[in-house]
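If you read the sequence from its start, that first residue is 1, and numbering goes on from there. Whatever order the structure lists ligands and atoms in, that order sets their numbers, starting from 1.
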Amino acid sequence: MKHLVIKAFGDADQLVLTESTVNALASNEVRIKVEYAGVNPVDAKTRAGLGWGAEAIKDQLPWTPGLEVMGIVEETGSEVSIHHAGDRVCGLLAGGGYSEVVVAPANALLRVPRAVSNEMAAGVSLAGITALQALTEHGCLLANERVLISAAAGGVGHLAVQLAKDIGASVVALASPNNHEFLRGLEADEVIDYQDEAQLAALAPADLLLDLVGGESALGLLSHLKPNGRVVTVPTITAEQVVAAAKAAGLTATGMLKHNDTQQLSLLLDAVAEQRLHVEVSHVYPLAEGAKAHRQVETGHTRGKILLKN
Ligand SMILES: NC(=O)c1ccc[n+]([C@@H]2O[C@H](COP(=O)([O-])OP(=O)(O)OC[C@H]3O[C@@H](n4cnc5c(N)ncnc54)[C@H](OP(=O)(O)O)[C@@H]3O)[C@@H](O)[C@H]2O)c1
């Protein structure tokens, strides 16, 4: 099978299409023919040698990125009863998704409901679980609260906007003007250009900041919270700095690292099936063009999700 491999940390050209044999199947695993793999900022940061992702795999090179896939089960291990050959499945992996075929623990994957397209199933796992955990487990968002979401048009952000509306919150979405109509279509209550100082200055304070940009952006948004406001900062590289500044300003603040939760993924897939949650897929690249996909994610201005397709 063909897969994209990095042999060393570096730029997008480190991603090289390579032919390898498929790993043997353990009794609790399934082998999946990958239809689509999600491309996430963490993949590009890890490839570049940055953050927790690079730290975790630095002794495992050559390495294949890819933390979420959608595909068709080809074969199941001897103890697997929840999936069968031919099932459409999706979910989070520890890596290896940028491939024609991947072997994964059966219990990490869910069957994709009939009403959910392959593309939406491929794009919902990582960003959807992150958005849900950020708003609920970490942000404790309540109905009638006001939540400020930065990078609202991105992979995590556009799902967070919809999930926050579903909770009953009032959503203030920060994005470039070319994404404003898109975000109004997702029912954001207020849409603000984050580069427009006058619009930012006129903002009423929020209960919760869902920070999806980190660093200077997050620090600048702390003043837009109520005195007892809460901050969830999602980019891990600047989390310590943002949490410290928020706490110094008297706010409650936390960083986070998403964890796999198939019950939550099941809720997200149901919401997609019932058309209560839309997964925007803006770019689909053939597997061989993984480097182009990484260059796109590294622009920092992708709307919704990027996928690789076999
Ligand atoms: N801790 C975790 O478990 C976890 C999980 C998932 C993601 N993450 C991290 O969370 C961050 C967001 O992930 P993602 O997948 O949503 O990223 P993404 O899809 O690449 O985000 C792209 C969006 O960022 C917006 N943006 C760029 N600069 C901005 C700024 N200064 N202010 C407001 N918006 C800005 C862009 O909006 P415009 O084009 O409108 O400018 C674009 O729509 C990444 O750092 C990622 O690594 C962490």
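Scanning all protein heavy atoms for the shortest distance to atom 19 (O) of ligand 1 gives Gly155 N, 2.8 Å. The protein heavy-atom contact nearest to atom 3 (O) of ligand 1 is Lys258 N, 2.8 Å. Atom 31 (N) of ligand 1 has Tyr194 CE1, 3.5 Å as its closest protein atom, hydrogens excluded (heavy atom only).
Polar contact check, Thr236 against ligand 1: no nitrogen or oxygen pair lies under 3.5 Å apart. Residue Arg303 has no N or O atom closer than 3.5 Å to an N or O atom of ligand 1. Considering backbone and side-chain N/O of Ser150, none are found under 3.5 Å from N/O of ligand 1. Residue-to-ligand polar distances keep Thr130 apart from ligand 1: every N/O pair is separated by 3.5 Å or more. The shortest N or O to N or O distance between Ala151 and ligand 1 is below 3.5 Å. Between Leu174 and ligand 1, no pair of N/O atoms sits closer than 3.5 Å. Residue Val213 places no N or O, backbone or side chain, under 3.5 Å from any N or O of ligand 1. At least one N or O atom of Thr302 sits closer than 3.5 Å to an N or O atom of ligand 1.
Summarising the contacts of atom 47 (O) of ligand 1 with Lys45, Lys305, Met256, Gln133, the nearest heavy atom is found in Lys45. Among Gly214, Gly220, Pro41, Gly38, the residue whose heavy atom lies nearest to atom 14 (P) of ligand 1 is Pro41.
With no hydrogens or angles considered, a side-chain donor-acceptor pair links His259 and Glu137 at under 3.5 Å. Donor-acceptor pairing under 3.5 Å is lacking for the side chains of Asn118 and Lys309. Side chains of Ser20 and His3: a donor-acceptor N/O pair is present below 3.5 angstrom, by distance only.
Thr262 contributes no side-chain N or O that, together with a main-chain N or O of Leu265, makes up a donor-acceptor pair within less than 3.5 Å.
One distance of note links CD of Gln162 with NE2 of His278; it measures 7.0 Å at 0.5 Å rounding.
At a heavy-atom distance under 4.0 Å, atoms from both the backbone and the side chain of Leu257 approach ligand 1. Looking at Leu126 against ligand 1, only its side chain comes within 4.0 Å, counting heavy atoms.
Pairs passing the side-chain hydrogen bond (donor to acceptor under 3.5 Å, both in side chains) check and including a residue from residues 185-195, sequence neighbours excluded, read Arg146-Glu190, Lys165-Asp189, Ser176-Tyr194.
Look at Gly300 and you'll find a heavy atom under 4.0 Å from some atom of ligand 1. Residue contact check for ligand 1: Asn40 places no non-hydrogen atom closer than 4.0 Å to it.
Residues Leu4, Ile6, Leu15, Leu17, Val39, Ile57, Leu61, Trp63, Tyr98, Tyr285, Leu287, Val297, Ile306, Leu308 make up the rest of the hydrophobic cluster containing Phe9, defined by ILVMFWY side-chain heavy atoms closer than 4.5 Å, directly or through other members.
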